[in-house]
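Reading through the structure tokens given below for one structure.
Atoms within each ligand, like the ligands themselves, are counted from 1 in listed order.
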Amino acid sequence: THWKHGGIVGVLGYGSGIIGRYSDLPEEYPGVEHFHTVRVNNPSAWYYTTAALRDLCDIWDRHGSSVLNVHGSTGDMIFLGTTTDELEPTFAELTAKGWDLGGSGSAMWTPSCCVGKSRCEFACYDTMDLCYQATQNFQFEMHRPSFPYKFKIKCSGCPNDCVASVARADLSVIGVWKDDIRIDQSAVQAYAGGELKPRGGATPYAKLDVEADVTSLCPTYCMSYDGKKLSIDNKNCNHCMHCIDLMPQALRPGTETGATLLLGSHAPILEGAQMSWVIV
Ligand code: HEM
Ligand code: HEM
Ligand code: SF4
Ligand code: SF4
């Protein structure tokens, strides 16, 4: 079918969170003459109980198409496809279970984050806390579109950027360290000898060639290895995470940690994806 863009539908008191979609050919496709999207605020770092997921699926079975896209770029769970008369009943059931709509349109969109300190040793700040605080702080801006365009905030605990914020957030908050990468030289030897597997075993290689796989692939060439000792010229490290990801038991981010703010990634159709910039 062909879809008409937009349409003014919503629930009482909210300017965001429901996106109207209507088919251009309602007689030919009577099952999808309306196919509105409901955006539901994700929990920080996407932690759910199975009971909560069952509730959400049951609500959508009762009121919509049953099709969900749970962890998208928007920051929300996307409930795809329902009719106008089902919107208020869906919203009533969601809020009764403690869920809320997220941002859409020319508004603050629901912030999202990586698992951060809840599970990841690389996290340089508490991503879940920032995501939660930003969500609370921007409630008005999320529910009542008052910007010229959408605005997305995404929070990653380290430069691995597991929420891909540099490619798809207006404001990326990326955890980083200022001091030196912590090195355990005996663990470096264990990687070189094959007792420790590269990248926690997630590569096909039985053992790491520290020179070929790590130091010579450092993008700023600030590392060296003489067969016994690994050295890093930390002032030239750009925190790319390559060496740390390969040898997580030997190398760790420093201890003087914080975050870098980047602005402005977007995906214009003509020029293609553009990454966020650090504004100095
Ligand atoms: C006129 C029709 C439609 C238009 C103009 C439209 C437009 C959009 C836009 C602007 C976004 C947000 C992208 C962003 O994150 O910034 C989006 C997201 C999305 N749309 Fe549509 N859409 C339409 C119909 C549909 C239909 C019919 C479906 C599925 C049956 C669909 C599935 C999705 C999904 C899954 C996302 C979420 C992507 C993500 O979170 O990464 N859309 N759409
Ligand atoms: C064998 C079948 C399929 C495979 C192997 C597959 C694989 C993938 C992969 C690799 C991604 C990218 C995930 C990421 O890194 O962000 C993705 C995203 C996605 N897929 Fe599929 N897919 C399959 C079928 C489907 C079907 C049948 C649908 C919908 C009816 C679907 C809807 C989506 C959507 C909406 C996303 C974007 C999620 C987001 O918003 O980030 N996929 N899929
Ligand atoms: S972005 Fe960094 S801190 Fe967050 S989950 Fe990924 S590796 Fe861990
Ligand atoms: S984090 Fe990247 S730039 Fe820094 S020392 Fe390791 S490989 Fe080199």
Side-chain angles (χ1 to χ4, degrees), residues 1-7 19-24 29 32 34-39 42 45-46 64-65 67-82 102-107 109-110 112-128 131 149-152 154-170 172-177 180-181 183 213-225 230-248 250-254 257 259 265-267:
T1 186
H2 183 265
W3 300 94
K4 283 195 278 186
H5 193 165
I19 299 107
R21 299 286 179 242
Y22 300 89
S23 171
D24 256 351
Y29 299 97
V32 293
H34 303 183
F35 210 73
H36 308 322
T37 299
V38 180
R39 296 215 165 137
N42 275 318
W46 307 305
S65 70
V67 179
L68 311 176
N69 170 44
V70 180
H71 296 162
S73 299
T74 62
D76 288 317
M77 292 175 268
I78 317 270
F79 288 24
L80 290 157
T82 195
S104 70
S106 298
W109 285 29
T110 307
S112 62
C113 64
C114 75
V115 293
K117 295 205 165 181
S118 69
R119 286 190 63 81
C120 185
E121 70 211 69
F122 297 155
C124 293
Y125 75 96
D126 188 342
T127 53
M128 290 177 66
C131 185
Y149 197 59
K150 63 185 151 188
F151 194 93
K152 298 180 185 171
K154 297 193 189 293
C155 316
S156 279
C158 81
N160 279 334
D161 192 13
C162 292
V163 286
S165 69
V166 294
R168 50 186 205 164
D170 300 271
S172 314
V173 185
I174 305 219
V176 76
W177 63 96
D180 294 351
I181 291 177
I183 309 181
D213 300 330
V214 185
T215 60
S216 67
L217 294 179
C218 167
T220 63
Y221 303 112
C222 71
M223 311 183 85
S224 58
Y225 181 59
L230 182 75
S231 311
I232 302 176
D233 172 13
N234 279 278
K235 68 181 182 309
N236 284 314
C237 163
N238 72 3
H239 310 95
C240 78
M241 298 295 292
H242 169 69
C243 58
I244 298 175
D245 287 338
L246 275 178
M247 302 197 288
L251 300 177
R252 286 194 289 165
T257 55
S265 71
H266 57 309

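Using modelled atom types, one finds no donor on one side chain facing an acceptor on the other under 3.5 Å when comparing Thr220 with Asn238. In summary, the side chains of Lys154 and Ser172 do not present any donor paired with an acceptor at a separation below 3.5 Å, with no hydrogens or angles considered.
In this structure, Tyr22 has no heavy atom closer than 4.0 Å to ligand 1. Using a 4.0 angstrom heavy-atom cutoff, Asn238 counts as in contact with ligand 4.
Close approach to Cys222 involves these atoms of ligand 4, each under 4.0 Å from a residue heavy atom: 5 (S), 8 (Fe). Residue contact check: Asn160 has heavy atoms under 4.0 Å from atoms 7 (S) of ligand 3. Those atoms of ligand 1 with a heavy atom of Phe35 less than 4.0 angstrom away are 30 (C). Each of the following atoms of ligand 3 lies closer than 4.0 Å to a heavy atom of Ala123: 3 (S).
For atom 1 (S) of ligand 3, the nearest protein heavy atom (residue, atom name, distance) is Cys162 N, 3.3 Å. Nearest to atom 8 (Fe) of ligand 4 among the protein's heavy atoms is Cys218 SG, 2.4 Å. Among protein heavy atoms, atom 6 (Fe) of ligand 4 sits closest to Cys243 SG, 2.2 Å. For atom 4 (Fe) of ligand 3, the closest non-hydrogen atom of the protein is Cys114 SG, 2.3 Å. Nearest non-hydrogen protein atom to atom 2 (Fe) of ligand 3 is Cys158 SG, 2.3 Å.
Of all the heavy atoms of Met241, the ones lying under 4.0 Å from any atom of ligand 4 belong exclusively to the backbone. The part of Asp161 lying near ligand 3 is the backbone, judged by heavy-atom distances below 4.0 Å.
Ser65 places a side-chain N or O within donor-acceptor distance of the main-chain N or O of Leu80, the cut-off being under 3.5 Å. A donor-acceptor pair is defined here as one N or O able to donate and one able to accept, closer than 3.5 Å; such a pair exists between the side chain of His242 and the backbone of Asp213. Under a 3.5 Å cut-off, the side chain of His34 and the backbone N or O of Tyr22 do not form any donor-acceptor pair. With hydrogens and angles ignored, the 3.5 Å screen pairs a side-chain donor or acceptor of Thr110 with a backbone N or O of Gly103.
Minimum heavy-atom separation, Tyr125 to Cys155: OH-CB, 3.1 Å. What you find for Pro248 and Phe122 is that their closest heavy atoms are CB-CZ, 4.0 Å. Across all non-hydrogen atoms, the minimal contact from Cys113 to Thr127 is CB-O, 3.7 Å.
If you check each of Val67, Val32, Leu80, Asn69 against atom 29 (C) of ligand 1, the one with the closest non-hydrogen atom is Leu80. Of the candidates Lys150, Lys152, His71, Arg39, the one placing a heavy atom closest to atom 17 (C) of ligand 1 is Arg39.
Here's the thing with Trp109: none of its N/O atoms is less than 3.5 angstrom from an N/O atom of ligand 1.
Relative to the ring axis of Trp109, Arg39 places its NZ or CZ within 45° and under 6.0 Å from the centre.
Considering only heavy atoms from C-beta on, Val67 stays 4.5 Å or farther from Phe35 through its side chain.
Residue side and main chain included, Cys120 places an N/O/S atom under 2.8 Å of atom 8 (Fe) of ligand 3. One of the N, O or S atoms belonging to Cys237 lies under 2.8 Å away from atom 4 (Fe) of ligand 4.
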